[in-house]
There are 2 protein chains.
Amino acid sequence: MNRLSHSEENYLKEIFHLSGLTDKRVSTNSLASRLNSKASSITDMLQKLSDKKLVKYVKYKGCDLTKEGERIAIQIIRKHRLWETFLVSKLSFGWEEVHDVAEQLEHIDSAKLIDSLDRFLNYPKFDPHGDPIPDKDGNIVYRKSKIKLIDAAVNSRVEIVRVNEDSLALLKFLERHELTLGIELYVLEKFPFDDSLSIRIVGGSEINLSKKVTESIAVKFISKI
Amino acid sequence: MNRLSHSEENYLKEIFHLSGLTDKRVSTNSLASRLNSKASSITDMLQKLSDKKLVKYVKYKGCDLTKEGERIAIQIIRKHRLWETFLVSKLSFGWEEVHDVAEQLEHIDSAKLIDSLDRFLNYPKFDPHGDPIPDKDGNIVYRKSKIKLIDAAVNSRVEIVRVNEDSLALLKFLERHELTLGIELYVLEKFPFDDSLSIRIVGGSEINLSKKVTESIAVKFISKI
DNA sequence: TTAAATTTTTAGTCTAGTCTAAAAAAATGA
DNA sequence: TCATTTTTTTAGACTAGACTAAAAATTTAA
Ligand SMILES: [Mn+2]
Ligand SMILES: [Mn+2]
Ligand SMILES: [Mn+2]
Ligand SMILES: [Mn+2]
């Protein structure tokens, strides 16, 4: 297979992410908004990727990845997450600073480089936001029994295992309030009025979190309190 | 200044290298052959870079860099050489494996990344081939009193301080014969017939080196023997 | 000094990736 | 159901960066 352009790689990656969420066909418009481009551009590219047998595309019916397309998408995600991990753990970047650089680094084409980096980092399983890092062969081990904080039961003790990396502002907010990976929380009370949630950081202070925040944090259950 | 394309950055870098050698105007054809493209493409790009005030271009008279063009070229070279150093010293790449990957990595746009990398590597002065690494401000400290092996005097002891990285085959040849940076040699005899040169590695074996090889190695004088 | 060779530029074409505007298909809902 | 709205595709245009072929300028050398 010929080398793909950055643009083609970004399409494959985004199709993977979108179809992972819904586990079905990805619409032209949803891609357009994620890729910050116009629907007509998406249609063009889907036709090209379809010719290359990387996506299954049916006019007016959206697309999904072929086996080969998925393989490539996963390798790009692997690179993205390994680079993010490198930036945080070796170069002392903050977790809110790594995504944009990783968007560039993920397109570097060298199997030897990425496998050496993986070894250098000691084969990390998760990136700085708690997302799983696919291995060399494309296997992804998803964390089992992980729920959104918004769905956690009142009076439970939980640990933050993953945050949504899409928003810079969210990551800064979380950092500011010490809501980082591995931190444990008590879920105190839910407020139906605005769907906010009060938590207490174990050994720390009480905070009221908005729906927008509690939807973006994933936790694992530790115990009842 | 707007972000430059990979192609524009490669032009600037190559103009810098070519004008460094001759310290005068760079011809269209010399650029074409170094960049593996056609003279007409070079002309187009030079006109564009001239509009952007990155090169001084006079029709039919070649070009050279403006202050700003040179500044950018040096930053790209800094990135290239820091990445090569990273690959060799942290990821155990061989010195013949790093150039192609660095050609990609040099275009990653993040001042924070490159300055962190510099610190992580402990501010290296030279890359794996012995070329100087420009600092953050673009200062380049060239090694003083460095001569080509071909010009070294018979009966002198010298140390290898730099090799030409352009040819993969050369780097492999040198590796194979233990002719790496820091290695010391006795210059034994010159053979006018084919301009070859016999050397002995200090504590090692005698080797006859072709003109092509001795032109591509730079050494520093240690002592008479 | 001028004719021939070489180098460089111009003119025109191509592809990738994007866009806008218009047309067509699909989904919605009264 | 069928008219309206929404989504998607097509048609046509643009830009960056490359190419080939032909024209123009420069250099070489007889
Ligand atoms: Mn990311
Ligand atoms: Mn991440
Ligand atoms: Mn190099
Ligand atoms: Mn080098």
Side-chain angles (χ1 to χ4, degrees), chain A residues 1-15 18-19 21-22 24-65 69 72-73 76 103-104 106-107 109, chain B residues 1-15 18-19 21-22 24-65 69 72-73 76 103-104 106-107 109:
Chain A
M1 177 57 69
N2 247 333
R3 235 166 104 159
L4 299 178
S5 69
H6 289 198
S7 189
E8 290 171 315
E9 292 189 345
N10 286 335
Y11 274 77
L12 294 179
K13 187 179 55 154
E14 216 48 73
I15 295 167
L18 288 171
S19 75
L21 288 178
T22 58
K24 57 180 182 41
R25 306 190 74 78
V26 174
S27 74
T28 301
N29 261 3
S30 62
L31 271 172
S33 80
R34 292 284 307 176
L35 290 167
N36 290 110
S37 54
K38 303 296 172 178
S40 54
S41 309
I42 305 296
T43 300
D44 277 0
M45 183 60 99
L46 289 181
Q47 286 169 346
K48 184 157 53 135
L49 292 172
S50 180
D51 292 346
K52 295 193 179 184
K53 306 249 188 288
L54 299 174
V55 310
K56 286 168 277 180
Y57 167 65
V58 183
K59 256 191 208 177
Y60 294 103
K61 298 291 176 189
C63 67
D64 65 341
L65 296 173
I72 295 170
I76 297 160
E103 284 292 308
Q104 298 180 63
E106 72 190 3
H107 301 292
D109 178 40
Chain B
M1 177 57 69
N2 249 332
R3 233 166 104 158
L4 299 178
S5 69
H6 288 200
S7 189
E8 291 171 315
E9 292 190 344
N10 286 334
Y11 274 78
L12 294 179
K13 188 179 53 153
E14 215 49 72
I15 295 167
L18 288 171
S19 73
L21 288 177
T22 59
K24 56 180 181 46
R25 307 191 71 78
V26 174
S27 74
T28 302
N29 261 4
S30 63
L31 271 171
S33 80
R34 292 285 307 178
L35 290 167
N36 289 111
S37 54
K38 303 297 171 177
S40 55
S41 309
I42 305 295
T43 300
D44 278 359
M45 183 61 99
L46 288 181
Q47 286 168 347
K48 183 155 54 133
L49 292 172
S50 180
D51 292 345
K52 295 192 178 185
K53 307 251 188 283
L54 299 173
V55 309
K56 286 168 279 183
Y57 168 65
V58 182
K59 257 191 206 177
Y60 293 105
K61 298 293 175 186
C63 67
D64 64 343
L65 296 174
I72 295 170
I76 298 161
E103 285 291 310
Q104 298 180 63
E106 71 189 5
H107 300 292
D109 178 39

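So that the names make sense, note that chain A is the first sequence line, chain B the second, and so on, each numbered from 1.
- Proximity of Asn29(A) to the phosphate of dT8(D): a side-chain N or O atom is located under 4.0 Å from OP1 or OP2.
- Proximity of Tyr60(B) to the phosphate of dA23(D): no side-chain N or O atom is located under 4.0 Å from OP1 or OP2.
- Annotation: proximity of residues 49-58 of chain B to DNA chain D (heavy atom, distance under 4.0 Å) is found for no residue.
- Among the atoms of the strands shown, only primed sugar atoms or phosphate atoms (P, OP1, OP2) are found under 4.0 Å from some heavy atom of Thr28(B).
- Taking atom CZ on Arg25(B) and atom P on dT27(D), their separation rounds to 12 Å, with Å as the unit.
- Applying the salt bridge (Lys or Arg N to Asp or Glu O under 4.0 Å) rule to pairs touching residues 27-43 of chain A yields Glu14(A)-Arg34(A), Arg34(A)-Asp166(A), sequence neighbours excluded.
- Considering only heavy atoms from C-beta on, Leu12(A) comes within 4.5 Å of Val55(A) through its side chain.
- Between His107(A) and Asn10(A), the closest side-chain pair of non-hydrogen atoms falls below 4.5 Å.
- In terms of phosphate contacts, Ser41(A) brings no side-chain nitrogen or oxygen within less than 4.0 Å of OP1 or OP2 of dT18(C).
- Among Val58(B), Leu54(B), Ile15(B), the one residue that satisfies the side-chain contact (heavy atoms from CB on, under 4.5 Å) test with Leu46(B) is Ile15(B).
- Here Gln104(A) contributes atom CD and His6(A) contributes atom NE2; the two are 9.0 Å apart, rounded to the nearest 0.5 Å.
- Separating the CG atom of Leu46(B) from the P atom of dT8(C) is a distance of 10 Å, rounded to the nearest angstrom.
- Taking only distance into account, the side chain of Ser7(A) never meets the base of dT18(C) through a donor-acceptor pair shorter than 3.5 Å.
- Here Gln47(A) does not reach the OP1 or OP2 of dT9(D): none of its side-chain N or O atoms lies under 4.0 Å away.
- A residue-by-residue look at Lys38(A) and Lys61(B) shows that Lys61(B) has its nearest nucleotide of DNA chain C further toward the 5' end.
- Checking dC19(C), dT8(D), dT8(C) against the side-chain heavy atoms of Ser37(A) singles out dC19(C) as nearest.
- With rounding to whole Å, Asp44(A) atom CG is found 9 Å from dT10(D) atom C1'.
- Using a 4.0 Å cut-off, no side-chain N or O of Lys59(A) falls inside it from OP1 or OP2 of dA26(C).
- Among all heavy-atom pairs drawn from Leu31(A) and Tyr11(A), the shortest one is CD2-O, 4.5 Å.
- Counting to the nearest Å, the C1' atom of dT7(D) and the CG atom of Leu31(A) are 14 Å from each other.
- Judged by atom type and distance alone, Ser40(B) reaches the base of dT20(D) through a side-chain donor-acceptor pair under 3.5 Å.
- In this entry the distance linking CE of Met45(B) with C1' of dT8(C) reads 17 Å, nearest Å.
- Proximity note for Ser27(B) (side chain, C-beta onward) versus dT26(D), dA18(D), dT8(C): the nearest is dT8(C).
- Lys52(B) places a side-chain heavy atom less than 4.5 Å from the side chain of Leu4(B).
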